[in-house]
Participant: 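Mind having a look at this structure? Questions to follow.
These figures come from a predicted structure and were not determined experimentally. Just so it is clear: chains get the letters A, B, ... in the order the sequence lines come, proteins before strands, and each one is counted from 1.
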Amino acid sequence: MTFNINNVLLIFNRTQIIRNSFNLERGDTIKLPAGTTAYLVNQDDNEDLRVADLVIPVNRPGKFQSFNPAGSQNQDSYFRGFSKNILEASFNARYEDIEKVLLEEQEHEPRQRRGHKGSQQSQEADAIVKVSREQIEELRRHAKSSSKRRASSSESEPFNLRNRNPIYSNNFGKFFETTPEKNQQLNDLDISVSSVEINEGALLLPHYNSRAVVVLIVNEGKGNLELVGLNSEQQEQEEDDEQQEHEEEQDQNKRVHRYSARLSRGDVIVIPAGHPIAVKASSDLNLLGFGINAENNQRNFLAGEEDNVISQIERPVKELSFPGSAQEVDRLIKSQKQSHFANARPEEESQRRRGPLSSILASMIM
Amino acid sequence: MTFNINNVLLIFNRTQIIRNSFNLERGDTIKLPAGTTAYLVNQDDNEDLRVADLVIPVNRPGKFQSFNPAGSQNQDSYFRGFSKNILEASFNARYEDIEKVLLEEQEHEPRQRRGHKGSQQSQEADAIVKVSREQIEELRRHAKSSSKRRASSSESEPFNLRNRNPIYSNNFGKFFETTPEKNQQLNDLDISVSSVEINEGALLLPHYNSRAVVVLIVNEGKGNLELVGLNSEQQEQEEDDEQQEHEEEQDQNKRVHRYSARLSRGDVIVIPAGHPIAVKASSDLNLLGFGINAENNQRNFLAGEEDNVISQIERPVKELSFPGSAQEVDRLIKSQKQSHFANARPEEESQRRRGPLSSILASMIM
Amino acid sequence: MTFNINNVLLIFNRTQIIRNSFNLERGDTIKLPAGTTAYLVNQDDNEDLRVADLVIPVNRPGKFQSFNPAGSQNQDSYFRGFSKNILEASFNARYEDIEKVLLEEQEHEPRQRRGHKGSQQSQEADAIVKVSREQIEELRRHAKSSSKRRASSSESEPFNLRNRNPIYSNNFGKFFETTPEKNQQLNDLDISVSSVEINEGALLLPHYNSRAVVVLIVNEGKGNLELVGLNSEQQEQEEDDEQQEHEEEQDQNKRVHRYSARLSRGDVIVIPAGHPIAVKASSDLNLLGFGINAENNQRNFLAGEEDNVISQIERPVKELSFPGSAQEVDRLIKSQKQSHFANARPEEESQRRRGPLSSILASMIM
């Protein structure tokens, strides 16, 4: 049990839990305001509870701290920080009583590491403890269940990412997103949350976010990500050491740079605003995303039948900008019949479909 | 007389003053927008005027500057910064006339220090000058008095911290606070202002601010403050010099650290958000506070009968978190009959009260 | 053609252009949200197009980047950043076709510099290309003209700085300004835009901005600028090297410092908030300004008949602050009959006007 001295946003996955008085399930998202005292209980006997947590520090950027009312092997109770004098006056009680009830027994030997505990009968608890079936039942009774929650509309209640329709959806994937514009809690933080499902063998088409920096977490599955940056970004670090002899030349001649990453469960990737990315799933892939600076963000796709910035460029400008003629550019764009998600291995598909009928059928089905 | 190139928030104490056209008194708070040309006059013959001033720089964080229309021994008039040429065109007058009327005579010897002035008949004025009774009367006539102000509701007018009821009050102390939610001027700045009175021998109970960083100024009295931090904060500075050999070990084993301070008049203390503090008064103590980042801030008390985060924890969680049973924790919390402010020396009290009757009486009186 | 990964604000000058679907003319101002794909076409056969562009980075302050869908000699297409694999799946097409239509031919020799292009038949386009009369006509047809725009009131449309009345205007100059308070697009960015015309031989009177940092661009003409700063600002840099021996002395004794600049076309000057400036035109001078942090900014003039902070100071404070008496100060201020803009060479004027009649006449005309 800790209180976080920061704003915390949680996405809960894969099992049921209780927090304060909420029974939570997969896709539930909750904002814990800075300074909230909170705990999490995994109610499920079989499944692990996994939570993605975006921490927004209130004191100093990049510096997060949490304080605990109750001490554990990992961290003292904050009550330990006050003098006996102050504690006795605060509780109007003798220090021995306060220590017995609130504080673990102060040790005089060096602190023990986790795992030694059972054998030594230390008073210190672990930060994560075993909860009995009865205790879980008692906590569950006081918590609002998901169905009750949906009736009320209180601002501080959790919302489920998957209750809304996906913003993009086809046979190759689904994109769930809640934005600051749609949700007051997210609005206060200027943050969006998303859950992206890319089916095995599918591709999230190349796109960029206009304003938001996106933190992606691989929740399940495997895949590949390609991110396009400018060469000058890479050189920046190198230039710290080297002389900047060729600066002028480099400025005039900006080459793009491909950043590739193999993705697997637990990976975290930060996507800066404006940088084009594409993600390919080698097994069913589930990504969780936090969009920072998300207000008025627009996701601009660079390929796909609909919702594609290239197709919106005016004819004479296409003609002048690209090596191909405007007709050739339009024909190329139209050869992709999917939007947002597509087949990542079209060459294999097309081999199967070869023959005049199959290709006609293919365009009818999709 | 200066204009501040910053937003300035002033709390006036202990005497009457005039600013622009306001007669101010103890507890009056006023926001001077950046770029305001302002002066302060102490109207009182006997009492010193004391002002607590929170400066919010507009150009660069942490960098405050003020410019003066009139020169003084401490600082040139900004008119001195313009060339003769520009000044003559600006005022449509000869430079000699402008210099005679607006600028002190330019010196050719090294500048004199304060204190030498009288004897040398320098043209330079001090930054603080003697005002005649007649001049004070003339300024006072044009200023709105407190009673007239209260009728109007203009946004730019001063407000008095003590006109509202205290948010916490009992025999041991009073806590006055105006928050961004209650006042438009403070809302623009995201700042709260407070005045805390802790009676001699009393304690402001342990609590933390959920979001706000609080700058405390000791206005009057003496006392002690305890602030709880994490050991890792202290180590940070030490680690700059030392090798970070034991980092992993320290991370797993966070101890709390007590920062203690004896308080006396003029002391300034910065309380980071989320850090528990308690304040004990050894003589009647008056603290002024500026809360920075104050919107939606919550003050969470850790002891006291009402308004106490520990008592709100659910029974099974108390049981699991603390060494004592849930009943013991509840009994301990209930032994303090006060909220927010309490007796700092309960042991002395209880000695006086010893005997069955006095303890019953005590619980009835309070 | 680029998309900017930043918010961009453009002021168009001196000729007609098309952007997306807008025909723009002198004084038109447009906000391009971060991530917009945009192009500019100069429709005029004779006149150059000049644009002042304020870039607000979304990822890191001070770090601007733009990405191009189409490659040029200066920068690769962002499609180049994706692997063949991803491109083929994204467009559902063979790589050779994509390369032929969207990407310039990859070179195997070192890249050529601009200017060599024509002779070598490179596939690479310049970032700025020649547009045929027919292409301009086609683009112009789809664009809304200025007159049509004025009817509608869509938020994302350009507005013209010169459609409104100038905020200051007399025989010596004109000051056009649109502030966040008056325009929603500017409000989102907290930016003001201004266009200042100072006639040959005229002076923009000394003034300071209360909150805004102003970036001034000299669009046309020549002149001089004087900016008043505090000596301590200058010393800061020097003190990095030197010992700070005399710090106490310097703090008590702040002298103002004059920063002078001769202005000519293309110069950019940053004016920090609160710092007094004056600008003199030696030929007709046109300045464009971006005010950053512009909400609630006030321009405070230090000379001139109306709108002058010095004349607003109360009588006894004038008496106490300045070497001259309050009457002398008032008389000095009143000798300037102009406000905001004035004659920069009054001595020459007064020689011409010498004689009782001319001075009476002068005060009647102006």
Participant: Please look at C/Glu328 and chain B and tell me whether the side chain, the backbone, both or neither of the residue comes under 4.5 angstrom of a heavy atom of that chain.
Facilitator: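 Answer is both: backbone and side chain atoms of C/Glu328 are under 4.5 Å from chain B.
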Participant: Is it the backbone or the side chain of C/Ile292 that comes under 4.5 Å from a heavy atom of chain B, or both, or neither?
Facilitator: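 Neither part, no heavy atoms under 4.5 Å.
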Participant: Could you look at C/Ile310 and say if it's the side chain, the backbone, both or neither that has a heavy atom under 4.5 Å from chain B?
Facilitator: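 The answer is the side chain of C/Ile310.
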Participant: Answer with side chain, backbone, both or neither: which region of B/Ser83 has an atom nearer than 4.5 Å to a non-hydrogen atom of chain C?
Facilitator: both
Participant: For B/Ile98, which atoms come within 4.5 Å of any heavy atom of chain C: side chain, backbone, both, or neither?
Facilitator: both
Participant: Are C/Phe301 and C/Tyr168 close enough, and set up right, to give a ring pair (Phe, Tyr, Trp, His ring centres under 6.0 Å), and what steps lead you there?
Facilitator: CA-CA 12 Å; C/Phe301 281 85; C/Tyr168 316 129; 5.4 Å; yes
Participant: At a heavy-atom separation under 4.5 Å, does C/Val329 approach chain B through its side chain, its backbone, both, or neither?
Facilitator: both
Participant: Got a sec: does the NZ of B/Lys84 have more than 12 other heavy atoms crowding it under 6.0 Å?
Facilitator: no
Participant: Please determine whether a side-chain nitrogen of the Lys or Arg among B/Lys31 and B/Asp188 lies less than 4.0 Å from a carboxylate oxygen of the Asp or Glu.
Facilitator: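 Salt bridge: yes.
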Participant: Between C/Arg315 and C/Glu319, is there a salt bridge with N-O shorter than 4.0 Å?
Facilitator: yes
Participant: Quick one: of C/Ala342, C/Ser325, C/Ala278, who has the most non-hydrogen atom pairs under 4.5 Å with chain B?
Facilitator: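 Highest number of pairs under 4.5 Å: C/Ala278.
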Participant: For B/Lys182, does the NZ atom sit with more than 12 other heavy atoms under 6.0 Å from it, leaving out its own atoms?
Facilitator: yes
Participant: Are more than 12 heavy atoms, taken from residues, nucleotides or ligands other than C/Arg262, located less than 6.0 Å from that residue's CZ atom?
Facilitator: no
